[in-house]
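First comes the structure, then the notes that go with it.
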Amino acid sequence: MTSRNNLASAYQSAGDLARAIPLYEATLTDRERVQGPDHPDTLTSRNNLAGAYQSAGDLARAIPLYQATLTDRERVLGPDHPDTLTSRNNLAGAHQSAGDLARAIPLHEATLTDRERVLGPDHPDTLASRNNLAGAYESAGDLARAIPLYEATLSDRERVLGPDHPGTLTSRGNLAYAYWAEGRKAEAAQAFRTAADQALRLFGPGHEVTRLLVANAEASAQALAPDPDSRADATEPDLTEPDPTEPDPTEPDPPGPGDPPGPGGQHTD
């Protein structure tokens, strides 16, 4: 069952949900039968299946499954267990994807508060929660709260993870878009350019993230060009906003004695 879960995770990481979802469903069914509904591995499978449903855009199935997993983890593992905090983060992200910010924002706020207390302010999961709360504020149009959080998260990720970590790149891209939305366009263009250069180093020119950031860097620079002849038109550039949230709902099982690590390594949000 561990191998099946981790194979499903690998398929999901590759974007092959048509193979991942049936494997997650089969693993959950078998774990409920063999290990029981409250076993931590069963709860992991339920979380992972919810994440696959969310990736497929099936929030009608993802949200109830995330909610059930959170309820069970609070009861079985306790409210401060890292897996419980993962479930709360993922449920918040699903509500946000569904446009239900009235439910998403309080969950993101609670998760950030608990992660700061339980894991510490510099833990990668805490930094992910701070980014996610900023993204929820941005989605609600509250840039006055979103931008300081994005700035703090970028600063902390540069210090803790390093300037070329993918999480740092995410923070810089999110901050750039928020700056642009607030009208701080020169700062946004510089941040887009820095993020694009960073993505080229990290992922290469063909990666989806690189293409998005390069396009935004070029569009924002063109919009700010002083020579009207160098501008494509006088309209606002069509910038592509990245998804500001960072759920990573897949939780590969830890390897058994002598087993190699499963795909994805340790789970994070």
Item to check | Residues forming a salt bridge (charged side-chain N to carboxylate O under 4.0 Å, His left out) with R184, sequence neighbours excluded | outcome: E151, E182, E187
Checklist entry - About how many Å separate OG1 of T69 and CG of L91, when rounded to the nearest 0.5 Å? => result 9.5 Å
Checklist entry - CG of D83 to CG of L70: how many Å apart, nearest 0.5 Å? => result 11.5 Å
Checklist entry - Does a side-chain heavy-atom distance below 4.5 Å link R117 with D80? => result yes
Item to check | Residue pair T153 / N131: nearest heavy atoms and the distance that separates them | outcome: OG1-N, 3.9 Å
Next on the checklist: Within this structure, what is the CG-OG1 distance for the pair D156 and T168, rounded to the nearest 0.5 Å?
Outcome noted: 10.0 Å
Checklist entry - Between the main-chain N or O of N5 and the side-chain N or O of S9, is there a donor-acceptor pair closer than 3.5 Å? => result no
Checklist outcome for this item: Nearest heavy-atom contact between S97 and Q54 is OG-NE2, 3.4 Å
Item to check | Closest contact, heavy atoms only, A52 versus L17 | outcome: O-CD2, 4.1 Å
Next on the checklist: side chain to side chain contact (heavy atoms under 4.5 Å, CB included), that's the test. Do R46 and D72 meet it? Break it down for me.
Outcome noted: CA-CA 10 Å; R46 196 173 297 135; D72 289 343; 2.9 Å; yes
Item to check | Pair E138-Y150, side-chain donor/acceptor within less than 3.5 Å | outcome: yes
Item to check | Nearest non-hydrogen partners of L127 and P121, listed with the distance | outcome: CD2-O, 3.7 Å
Checklist entry - T210 side chain to P205 main-chain N or O, any donor-acceptor pair under 3.5 Å? => result no
Checklist entry - Nearest heavy-atom pair of L85 and T111: which atoms, and what distance? => result O-CG2, 3.7 Å
Checklist entry - Got V34 and M1 here, is their nearest side-chain heavy-atom distance under 4.5 Å? => result yes
Item to check | Common cluster, L107/L112, ILVMFWY with side-chain heavy-atom separation under 4.5 Å | outcome: no
Checklist entry - Rounded to the nearest 0.5 Å, how far apart are OH of Y53 and CG of N48? => result 12.0 Å
Checklist entry - Parallel, tilted or perpendicular: which describes the rings of W180 and F192, with under 30° parallel and over 60° perpendicular? => result tilted
Item to check | D164/R201 under side chain to side chain contact (heavy atoms under 4.5 Å, CB included): CA gap, chis, key distance, verdict | outcome: CA-CA 8 Å; D164 285 338; R201 291 196 304 273; 2.6 Å; yes
Item to check | Heavy-atom closest pair, residues A134 and A146 | outcome: O-CB, 3.4 Å
Checklist entry - Can you tell me how far NE2 of H81 sits from OG1 of T86, rounded to the nearest 0.5 angstrom? => result 9.5 Å
Checklist entry - Taking atom CZ of R19 as the centre, does the number of heavy atoms from other residues, nucleotides or ligands within less than 6.0 Å exceed 12? => result no
Checklist entry - So among R130, E158, R157, which one has a side-chain hydrogen bond (donor to acceptor under 3.5 Å, both in side chains) with S171? => result R157
Checklist outcome for this item: With sequence neighbours left out, the residues meeting side-chain contact (heavy atoms from CB on, under 4.5 Å) with A196 are R193, L213, V214, A217
Next on the checklist: With rounding to the nearest 0.5 angstrom, report the CG to CG distance, L149 to L154.
Outcome noted: 12.5 Å
Checklist entry - For P37, does its backbone N or O pair with a side-chain atom of T42 as donor and acceptor, under 3.5 Å? => result no
Checklist entry - With sequence neighbours excluded, what pairs up with H165 under the ring-ring contact (aromatic ring centres under 6.0 Å, His included) test? => result none
Checklist entry - Counting N and O atoms only, with roles assigned by atom type, does the side chain of T113 sit under 3.5 Å from a partner on the main chain of E109, one being a donor and the other an acceptor? => result yes
